[in-house]
Amino acid sequence: MNSELEEKWQEIWNKNRIFEPDPDDRDKFFITVPYPYLNGNLHIGHARTFVIGDLVARYKRMKGYNVLFPMAFHVTGTPIVALAELISKKDERTIKVYNTLHKIPLDILLSLNTPEKIVDYFKVESELALRKIGCSIDWRRKFTTTDPPYKRFITWQFKKLKDKGYVSKGSHPVRWCPNCDNPVEDHDILNGDDANIINYTMIKFSFDRCIIPCATLRPETVFGVTNLWVNPDYTYTIAAIDNERWIVSSFAYKKLSYLDKNPLRVGTIKGSQLIGKFVKNPINDKDLIILPASFVNPDDGTGIVMSVPAHAPYDYLALRDLQEGIYDFGINKEILDLVKEIKPIKLINVPGLNDIPAMDIVKNLGVKNQKDKKAENATKILYKKEFHEGVLNEVTGSYAGLLCKKARDVITEDLIKKGYADLLYDLSEPVICRCGTECVVKLVKDQWFLTYSNKEWKDLVLDYLRSMTIIPEEYRKEFENKIDWLKDKACARKKGLGTRLPWDKEWLIESLADSTIYMAYYTIAKFLNDGRLTEEEMDDEFFDYVFLGIGHPKKEIYKAIREEFNYWYPVDLRSSGKDLVPNHLLFFLYHHVAIFPKKYWPKAIAINGFVSLEGERMSKSKGPLLTIKEILDEFGADVTRFYILSNSEQTQDADWRYSNVKDAKKALNRFYRLAKEIISNSRVSNNEINMDKMTRQDRWILHRCQIAIMDVESAIKDMKVRKALQSAFYSILNDVKWYKKRGEDSQVLREVLKIWVRLLAPFIPHISEEIWSWLSNVSVSVSDFPKFNERFVDFSLDLEEDLVRRTIDDIKEILAVIKIVPTRIIIYTAPEWKNKIYYSAIKLRQDDKLNMGLLMEEIKKDQQPLSKKVSNLAKNAIRDVELMDPNLIKILSNVTIDEFDTIKNAINFMEREIGCRIEVRDAKDAEYDPMNKKDAAKFLKPAIYIE
RNA sequence: GCGGAGGUUGCCGAGUGGAAAAGGCGCUAGAUUUAGGGUCUAGUUCCGUAGGGAUCCGUGGGUUCAAAUCCCACCCUCCGCACCA
């Protein structure tokens, strides 16, 4: 149990090339985990995904599959370039983080001043870390995503996507810093991390050759607009946009200037000057009056809003305030008369809200006026209710009958098409760039998109998803939701490392887009790395042939490459962290479906959670962080694997806690010592163990091993690694402890160990190899996984051991209560007639027919003399049996247990445990019974008398 | 806001309709050919002079012979929401 031991076995694996599979006659299993991104050292979070992948790889290998588990490195994108810049600038924080957390010696760190040097450094370190943690990776297939041949592969893929019409050109909104003149990424933000880009629909109301655009999140309510609201004290900007003149706030003017509108300031106008003027509603040409309101914020939207008093509490209140003269903003009588004629126009019907919804809610909540804080709450409640439950009514014309949530997008689209509206992007809250500038939303033009919103493409993915295995199954819905939500994605950037778009060389392919089908590339990387294939040969025809079987091979070796691909593909399992569900894993599916024929589409996806460090989330750029190298130096591979695999299940997050890791180390030490002891106490034997000579306990422990094998296999099938490890390690450990207590046979223990070590080999391969080497001369990594052997299965043995255990516990419990030192203990097992009644009840329960009448009939058939005693017992039996676990019922309906015999056999053991002489009697013919206990004897619960 | 996950004992966490609390940690006691932070054993909600009883799974209701588990409402925590890998 030390690093030399682990290094020794790693060297043996390497030397014997046991993890370097080539196609052969066996069934194959191709497992991949996402390649790591090399802007730092691999950390404990990576370790989880890798170790889970390795566990499955090792398990499948032992199950006889030809297993391919490859690895490569991802370096395309911006972070590595940014890191190189920061290092060459000697950025204080970066140097500190990479020196103290990533543990890179300062002299080396300062030399990493180009992206290439960074990649070269981390790829060596990462491979080392992966080797040292014992991953059974075929390193002959490694590559880096900036390798020229890989770029050819990506180029081919994008040509294919474009040919299939999955690439389009358009514009899209990004967070933008006007000062840096660049998009703002998450780590560039000083303030406002939570801000989202929201898209308002800007409805264009016309006014005296001017346009007053009103931003709204509820475009469907355009049918219910009764007037506009302006802030009377604010001075608005008049901007020339195309051939129109727009009246907007000055902040809105700024926003528009980044949104492809090229506005030109031509004048200003005070809000109060607009009051009483009329605008036309574009959808019905109705004239609407402009009125003053206090809640209009010039910084939100365009600074002028449309009023829908039937459905917006603020609008309703502001209107009522005017009508009742609560706030009149000094409007004249003429306007006031017009205001008084305004009636809310209801356009959404909501079950339960019969009148004007805004009025209802204002009344219910007792909102006083537009300045009442409760108006905010009223708005929230009503908007939510109407969005989810609302149906558009006849006021909306052809949209009548549509659900609110369905209609919104349709209406927006129609309004824009007709020129009645435009989109306005805005940030949900202010965002401040690291340079201190307030950010805006900019519309980037001529951007290339992958059209993930394409209905046919989307349906193809959704449809295929149905036939895939998703582990855990609960994530299937998550995938469906995300696919449904997925929109077109910008797939090119100007900055960073990567492959150029083949048809537009100034753009680089975005780094998530270039890592979608790379698992296929592992099959050819082998040939590149051993020199049988050169970059120059890898043209489009080559890829078409190898991956799609199109055309003819120009060279003989291409056939082998094609066969290699055809053998390994599809991916049988992609195992990944849950952070990749809404991005990489979706694109992984989309691109496979787009590029490859169906038989090469991935079979299964498994998701795992993160790893936190002493309860805190790790961060590569800020810390805390714990590198794989560090933990391996301290704990070694097996302890690390053991801890991570046993710490949490599936998508739950694991937590790396030093104190618990140390405990894991102790547990493994214990196992190692125990194994050593078992080996030294037994002798080599190749004979099949002789079951006839075995005691009940011997047969019991072998039975338990079979159960463990079954449990481990079914847990691994569901990727429940924690459960698998519990069964493979702790469950057997506890059984072995009990077995040793009960009286062990060293040869039987040796057999148990043979099973045990192989069960554990996928989890903790190094220590397993070491122990296995004392038992066999074949590497455990390529030995057979223990086979479930029905011959050893006997559930009655479990019942017997449980009976013994429970009886001891009962005695101890009594002793604890009566607080005497016992001198003599008598155990009375239940008489046969009692047990018969229980078995009858169990049979009935198994057939789902348990009731008093039927049970009494059964008892009569057994020709028992009926008495009050019998019927009372039958009543009790029904209650007891009804409470029994269904699994126990199943077992009991197949086996019977001789309680007297069981206790009698265990009597010496029980005496040792209790430290007192113990006798066992059948309650039927026990004469000595001073406290009249024997009548209390029940099925599986013997009576106890203590002196 | 939308979508998702979760709330179990001192702590981490099993358990998703049939005896709540597996396993681990911590704690307590004991053993030890114990330097130790090693190893092993037992106990660890409360009450109990016979193996029993009471309480109990975020809160409040409900369904059921039976609910941590199913239904309804509410409270709280965490994660994602895109051009960022």
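Here is the naming used below: chain letters follow the sequence lines, and residue numbers restart at 1 for every chain.
As rounded to the nearest Å, B/U77 and B/U16 have P atoms that lie 29 Å from one another. Across the C1' atoms, B/C76 and B/G60 are found 15 Å apart, a figure rounded to whole Å. Using atom P as the reference point in both B/A54 and B/U41, the two lie 34 Å apart (nearest Å). Distance noted for atom P between B/C56 and B/A20: 12 Å (whole Å). Taking atom P on both nucleotides, B/C57 is separated from B/G51 by 26 Å, rounded to a whole Å. When the P atom is compared between B/G7 and B/U59, the two are found 13 Å apart, to the nearest whole Å. Using atom P as the reference point in both B/C84 and B/C70, the two lie 41 Å apart (nearest Å). If you take atom C1' in B/G62 and the same atom in B/A50, they sit 41 Å apart, rounded to whole Å.
At the heavy-atom level, A/Lys487 lies under 4.0 Å from base atoms of the strands shown. Among the atoms of the strands shown, base atoms are found under 4.0 Å from some heavy atom of A/Lys941.
Taking atom NE2 on A/His584 and atom C1' on B/C84, their separation rounds to 15 Å, with Å as the unit. Rounded to an integer number of Å, the gap from CG of A/Asn660 to P of B/C11 is 14 Å. Rounded to an integer number of Å, the gap from CD of A/Glu813 to C1' of B/A19 is 14 Å.
Residues A/Tyr166 and A/Tyr452 keep their aromatic ring centres 6.0 Å or farther apart. Close placement of the A/Phe729 and A/Phe671 rings is indicated, their centers lying within 6.0 Å of each other. The aromatic ring centres of A/Trp507 and A/Phe158 sit 6.0 Å or more apart. The six-membered or imidazole ring of A/Tyr643 lies away from that of A/Phe635, with a centre-to-centre distance of 6.0 Å or more.
Applying the 4.0 Å criterion to OP1 and OP2 of B/G24, one finds that A/Arg657 has every side-chain N and O outside that range. Look at A/Lys662 and you won't find any side-chain N or O under 4.0 angstrom from OP1 or OP2 of B/G37. Within the 4.0 Å cut-off from OP1 or OP2 of B/G4, not a single side-chain nitrogen or oxygen of A/Arg476 is found. For A/Ser511 and B/A85, the shortest distance from a side-chain N or O to OP1 or OP2 is below 4.0 Å. In terms of phosphate contacts, A/Arg722 brings no side-chain nitrogen or oxygen within less than 4.0 Å of OP1 or OP2 of B/C12. Residue A/Gln652 places at least one side-chain N or O closer than 4.0 Å to OP1 or OP2 of B/A14.
The side chain of A/Leu512 sits closest to B/C84 out of B/G18, B/C84, B/A50. The nucleotide whose nearest atom lies closest to any side-chain atom of A/Leu486 is, among B/A82, B/G23, B/C83, B/A82. Ranking B/A22, B/G4, B/A14 by closeness to the A/Glu649 side chain, first place goes to B/A14. Distances were taken from every side-chain heavy atom of A/Lys666 (C-beta onward) to each of B/A82, B/G51, B/U39; the shortest belongs to B/U39. For A/Glu478, taking side-chain heavy atoms from C-beta onward, the closest of the listed nucleotides B/C84, B/A42, B/G4 is B/G4. Residue A/Arg617 places its side chain closer to B/G80 than to any other of B/C25, B/G80, B/G13. With distances taken from any side-chain atom of A/Gln726 to the nucleotides B/G23, B/C83, B/G4, the minimum falls on B/G23.
Ion pair A/Arg408/A/Glu220 flagged as a salt bridge, since at least one NZ, NE, NH1 or NH2 atom sits closer than 4.0 Å to an Asp/Glu carboxylate oxygen. Between A/Glu801 and A/Arg704, none of the side-chain N atoms (NZ, or NE/NH1/NH2) sits under 4.0 Å from a carboxylate O, so this pair counts as no salt bridge.
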